[in-house]
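To start, the structure under review is shown below, and the notes come after it.
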Protein chains: 2
Amino acid sequence: MSTVLEASTEATCLSPVEIPTAIDNAFLESLIGYNARRAALAVIGVFMERMAPYGLRVVDFSVLTLITHNPGITSRQLSSMLAILPPNLVGMIRQMQARGLIEKRPHPNDRRAQGLYATAAGEQLQAQTQQVVSTLESEAVTQLTPEERHTLIRLLRKVYEFR
Amino acid sequence: MSTVLEASTEATCLSPVEIPTAIDNAFLESLIGYNARRAALAVIGVFMERMAPYGLRVVDFSVLTLITHNPGITSRQLSSMLAILPPNLVGMIRQMQARGLIEKRPHPNDRRAQGLYATAAGEQLQAQTQQVVSTLESEAVTQLTPEERHTLIRLLRKVYEFR
DNA sequence: TATTGTTATACTCTATAACTATA
DNA sequence: TATAGTTATAGAGTATAACAATA
């Protein structure tokens, strides 16, 4: 994750032919999608750094969190919630199972499905990393007042819930 | 691009073992990064649909826009601005060149570098698609007042500029 | 010695088709 | 006939190493 917007500042030569040194990025910067993406990348970048020691990617944390908070959730439900296609969940789940973080149990009403449950180790790791994420969240919005933070989330929801 | 958060609503069976039907996603939804990412994905999803007829992806539009607004910009500068690694720009630039949208000219002061310039066709396509993007932006934030839109962008900048 | 643009390549992420067992 | 989970695989996106030409 690198700094996205660093204008080159080599003020060495003023060429007769116009070669830009300070870049005009006004239009892209006026777009919600552009700014939302940059903000997400910035936060998620730090997120990845902090999660790495625990061997979790962002998506792993999301999966483990949803399973912990929703014991018995199915793979299909995870797929819907996180917009991950079912085939791409198989490996993640298998890996977390192999690490002893989660386990599968037969679904009581549907023998096709399987309920997913966090193990004690999984719950512990989730609690640990949730704390890390909460701390990061506080830091990331240190520039924002609590009210601004609330406003930001409310406005972001408005943007993605209208579709 | 699918709906990310659709709680399964099969109200058929109330099982004795607790199998969640309405999913608890409260923690993830409380995170700036999560909401920013969802908002970005929502807007960019529509973005992709609208750009497809012009044969441009989001990144292509960004590149074409920066070249149009900064005639003579170098590949290295694009790389910094858009957080795209230099090797991954080569193909894009070659393709846009083959489509007659941009052209390369020798850099006046640095024979290693090349200035990138939009052709007449490139400028026309950029103007067309910028209009499409502006329209989309208006629609995407139709739920927001102009002031809210301004606030949203200001707060997003605060989040990603603090690093 | 450092930088620009490039090649080749590897790795990750995401998407599609098809199968099985159940519903 | 439709759905849950899975396999295999294809494609897109992103990353690193190394090179020639030039600074």
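So that the names make sense, note that chain A is the first sequence line, chain B the second, and so on, each numbered from 1.
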*asked:* Rounded to whole Å, please give me the gap between NE2 in A/H107 and C1' in D/dT3.
replied: 12 Å

*Which distance, rounded to the nearest 0.5 Å, do you find between the CG of A/L31 and the OG of B/S134?*
7.0 Å

_Main chain of A/P20, side chain of B/Q77: is a donor-acceptor contact present, judged purely on distance under 3.5 Å?_
yes

*asked:* Please pick, from D/dT7, C/dT4, D/dG5, the nucleotide with the shortest atom-to-atom distance to any side-chain atom of B/A113.
replied: C/dT4

*Which value, rounded to the nearest 0.5 Å, describes the distance between A/I102 atom CD1 and A/Q126 atom CD?*
12.5 Å

*Check every atom of D/dT16, C/dA15, D/dT6 against the side chain of A/L85 and return the nucleotide holding the closest atom.*
C/dA15

_Looking only at the side chain of B/T74 (C-beta and beyond, no hydrogens), which of the listed nucleotides C/dT7, C/dG5, D/dG5 gets closest?_
C/dG5

_Spacing between B/M92 atom CE and D/dA12 atom C1', to the nearest angstrom_ = 11 Å

*Rounded distance (Å) that lies between atom C1' of D/dT9 and atom CG of A/N88*: 12 Å

_Rounded distance in Å - CZ (B/R105) to P (C/dT4)_ = 21 Å

*Do side-chain atoms of A/T119 reach the backbone of A/G100 as a donor and acceptor pair under 3.5 angstrom?*
yes

*nucleotides 18-23 of chain C: protein proximity per nucleotide (B base, S sugar-phosphate only, - neither; heavy atom, under 4.0 Å)*: ---BBS

_Pair A/Y54, A/D60 - check side-chain hydrogen bond (donor to acceptor under 3.5 Å, both in side chains), show working._
CA-CA 10 Å; A/Y54 301 93; A/D60 298 319; over 6 Å; no

*What nucleotide, of C/dT6, C/dC13, D/dT6, holds the atom closest to the side chain of A/R57?*
C/dC13

*Quickly work out the B/I93 CD1 to C/dT4 C1' distance and round it to whole Å.*
12 Å

*Apply the side-chain contact (heavy atoms from CB on, under 4.5 Å) test between A/V58 and each candidate in A/I44, A/V43, A/V133; give the one that qualifies.*
A/I44

*How long is the span from the CG atom in B/N25 to the CG atom in A/L82, to the nearest 0.5 Å?*
7.0 Å

*Taking only side-chain nitrogens and oxygens of A/K104, does any of them come within less than 4.0 Å of OP1 or OP2 of D/dT6?*
yes

*Nearest 0.5 Å please: distance from the CD1 atom of A/I84 over to the OG atom of A/S79.*
7.5 Å

*Which angle, rounded to 10°, do you find between the first-five-pair axis and the last-five-pair axis of the helix from C/dT1-D/dA23 to C/dA23-D/dT1?*
10°

*Take atom CG of B/L89 and atom C1' of C/dT7, then tell me their distance rounded to the nearest Å.*
15 Å

*Atom CD of A/Q95 to atom P of C/dC13: distance rounded to whole Å?*
10 Å

_A/E161 bridged to B/R38 by N-O distance under 4.0 Å_ = no

*Rounded off to whole Å, could you give me the CG-to-C1' distance for the A/L78 and D/dA4 pair?*
13 Å

